[in-house]
Amino acid sequence: MTPEPAPTPIDVLAIAAHRDDVEQTCGGTLLRMKSLGLRTGILDLTEGEAGTRGSAEERSAEAAEAARILRVDIRQALDIPDGNVANTYENRLKIAKIVRESRPRVVILPYWTGRHPDHYTTSILGYEACFVAGLSKLDTGDPPHRPFKIVYASLYADVRPSFVVDITEHIERRFSALMAYRSQYANQPAGGALFVPEEEIRERTFAMARHYGLLAGVRYAEPFVQKEVGLVEDLTLVPVQSI
Ligand SMILES: [Zn+2]
C-alpha cells in the first residue's frame with residue numbers, strides 16, 4: 001500500500017479563543033502572508049456558544065464567510081467550552097493534533113495578558129500545545145511537529161510591539177472579514193449597551209491600525225510581540241527610519 005502523501009503544510013497558523021478574534025487582531029497579516037504566496041490557516045478553540053449575540057450555528061456560517069474573505073487555506077474550530085478555555089492536558093492534545101496535521105512554520109497566538117481569561121489562557125495553552133506537538137513519544141496518529149516560530153498578536157495589549165506588519169493594502173478586506181460576523185457587529189437591540197455601534201467599529205479598527213502603522217512609518221499595521229531577540233544580518237537593510 002502506498003502511503004498517503006503528507007498534506008501541504010500551512011506556513012502561518014493563527015490560533016485564537018473565539019471566532020472573530022483573528023479577524024480583530026491579525027487578519028490583515030494573514031492576508032499579507034497570502035499575498036506573498038504563503039499558506040495560511042486559523043484554529044478557533046471554541047464555537048462561540050456563550051456569546052451575548054448569535055448562536056454557535058450562526059457564528060459557524062459567519063466564520064466560514066470570514067475565512068473565505070481572508071483567503072485562508074484551512075479554518076477549524078475545536079469544541080472547547082466558550083468562556084471556559086482551560087489549560088488542560090486534554091486541550092493541549094486537541095491543539096497538538098491540529099498542529100501536527102497542519103505543520104505550521106509560524107504560529108500566531110494571543111498576547112499573554114488581557115481582560116478576557118479565554119484570551120490569555122489560549123496564549124499559554126497554545127504555547128504548551130506547540131511544545132507537546134513536538135514530543136516524539138506522543139502518538140496522535142501524525143508525526144511530531146513543532147513550529148519554528150511563535151509570535152503574539154498584541155493589538156489589544158498595552159505593550160510596545162516587537163514588530164508590526166504593514167497591512168495597508170489589506171485593511172479594507174480585513175474589515176470586511178470582521179463585518180462578516182453580522183450576528184456580532186450589525187446594529188441590533190441584544191447587548192446594545194455592551195457592543196460598540198456598527199459605525200464606530202470601522203473608525204476604531206482603522207484608528208488602531210493607523211496607530212500601529214505610525215510606529216513604523218507605514219499607513220496601517222498590526223502589532224506583534226516575540227519573546228526572542230531579533231537577529232540582523234545586514235545593518236543597512238534594517239527597516240523603519242530612525243530620524
Ligand atoms: Zn475573543
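Indexing begins at 1, ligand by ligand and atom by atom, following the structure's order. Throughout, numbering of the chain's residues begins at 1 and tracks the sequence.
Sorting the N, O or S atoms of H18 by how far they are from the Zn ion (ligand 1) puts ND1 first.
We find that E222 and R174 are joined by a salt bridge, their nearest charged nitrogen and carboxylate oxygen being less than 4.0 Å apart. Taking the charged nitrogens against the carboxylate oxygens, D79 and K94 do have a contact shorter than 4.0 Å, which makes a salt bridge. Ion pairing between a basic and an acidic side chain is recognised when a charged N comes within 4.0 Å of a carboxylate O; R75 and E23 show such pairing.
Summarising the geometry, atom CD belonging to E90 is positioned 8.0 Å from atom CD1 belonging to I80; distances are rounded to the nearest 0.5 Å.
With 2.8 Å as the limit, H116 does not count as an N, O or S neighbour of the Zn ion (ligand 1). Under 2.8 Å from the Zn ion (ligand 1) lies an N/O/S atom of D21, whether from backbone or side chain.
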